Number of protein chains: 2
Amino acid sequence: MESRIDRIKKQLHSQSYKLTPQREATVRVLLENEEDHLSAEDVYLLVKEKAPEIGLATVYRTLELLTELKVVDKINFGDGVSRYDLRTEGADHFHHHLVCIECGAVDEIQEDLLGDVEKVVEEGWNFKIKDHRLTFHGICHRCHSDDGNEDKGSGE
Amino acid sequence: MESRIDRIKKQLHSQSYKLTPQREATVRVLLENEEDHLSAEDVYLLVKEKAPEIGLATVYRTLELLTELKVVDKINFGDGVSRYDLRTEGADHFHHHLVCIECGAVDEIQEDLLGDVEKVVEEGWNFKIKDHRLTFHGICHRCHSDDGNEDKGSGE
DNA sequence: TAGAATAGGATAATGATTCTTTTTTAATAA
DNA sequence: TTATTAAAAAAGAATCATTATCCTATTCTA
């Protein structure tokens, strides 16, 4: 964890940005909530617990900076807020998401499932892919508690 | 074209909605600009040309209604505005997009490239897929004017 | 035609995000 | 250490997209 902070610090320094206390607090919140997909407001509220004097605008600026540096990815599930997602270290691709339309949970798929598809697109459409966004909307494993029967959505 | 309007009209009626003049004008704008990915504001300005008295709120309401009926898809490329995209008739899947990071153009891929990937996800993650969003960000064919050589992105 | 319900127009309200101004902090040079 | 300068932050105003509200218009039915 400390080492990740250090690496992010180096990344900032290499572009002559500083890891200020506010920025560090923000990064720590992201690290501590890596599972979640926090909105700027969510991050703000969590950062406020460890650095009560921070302002919302600062959080926005920091998240924007981290997005630029590719430390986080800014994603949008269509609910009107941007969410910020720590990029897996070493991963050059954006991970995929599973959004449950029942409970709203967002799960991640770390594997890159698009290798073949990207090849087809690059060749077939003559398009040089730099990044991708793939999100599936549907019913998550918790919500259809599929224990062997096909009957989904019984009642409720 | 008329027949598509008629079918949309039937769809509305089947849920006891009416195809009012304002709604019809909105649908016509969408049909006439099927290639583009219009924002609500874009649609509003275009509809105003044929029905000057229409209000922005009505356009929003109509687009929301059409989204509910699955006549259009609401998409978001991360630029802060929602865009509305006529669903290809008969297509049960959401088409994919190619967003050029140079010129901003958005191209569509009608083919469904995710068949295999979806199978993997449904089985591997026990997730019942209802819809998907796939967008590639990169350089479009116009911007790297790749006329015949294989050498993509050498250097850069 | 009266009455009820749906839809639209105008605009206020909301909520997320960005901008602006002033203050604080950090880094450097004398 | 102290003055100088620039980057960063705080606070809140401003902006932009979207939604809600309130009232009028239209349509449908009895």
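Each chain gets a letter, A, B and so on, in the order the sequences are listed, and its residues count up from 1. What's counted below: heavy atoms across the whole structure, side chains too, no hydrogens, waters or symmetry copies. Predicted model only: the values in this text are computed from it and were never measured.
- Put simply, chain B comes within 4.0 Å of DNA chain D, heavy atom to any atom, from D:dA17 to D:dT21, going 5' to 3'.
- Atom CD of B:E53 is separated from atom P of C:dG9 by 6 Å (rounded to the nearest Å).
- Put simply, the side chain of A:R83 gets close to the backbone of A:H37: a donor and an acceptor are under 3.5 Å apart.
- Using a 4.0 Å heavy-atom distance criterion, B:S82 is classed as a sugar-phosphate-only contact.
- Remark: P of C:dT18 and CG of A:L65 are 13 Å apart, rounded to the nearest angstrom.
- Of the residues near DNA chain D, A:T62 and B:Y60, the one whose nearest nucleotide (by heavy atom distance) lies more toward the 5' end is A:T62.
- Between A:F77 and A:H97, the gap from one ring centroid to the other is short of 6.0 Å.
- Nucleic acid contact for A:R61: base, since at least one base atom lies under 4.0 Å from a heavy atom of the residue.
- Taking 4.5 Å as the limit, some side-chain heavy atom of A:I54 sits within range of a side-chain heavy atom of A:Y44.
- A:R4 contributes atom CZ, which lies 10.0 Å from atom CG of A:L30 (distance to the nearest 0.5 angstrom).
- Every pair tested for salt bridge (charged side-chain N to carboxylate O under 4.0 Å, His left out) that includes a residue from residues 51-68 of chain B fails, sequence neighbours excluded, so the list is empty.
- Residue A:V81 has its side chain nearest to C:dA16 when only C:dA16, C:dG9, C:dT11 are considered.
- Take the nearest nucleotide of DNA chain C for B:T20 and for B:L56: the residue whose nucleotide is more 5' is B:T20.
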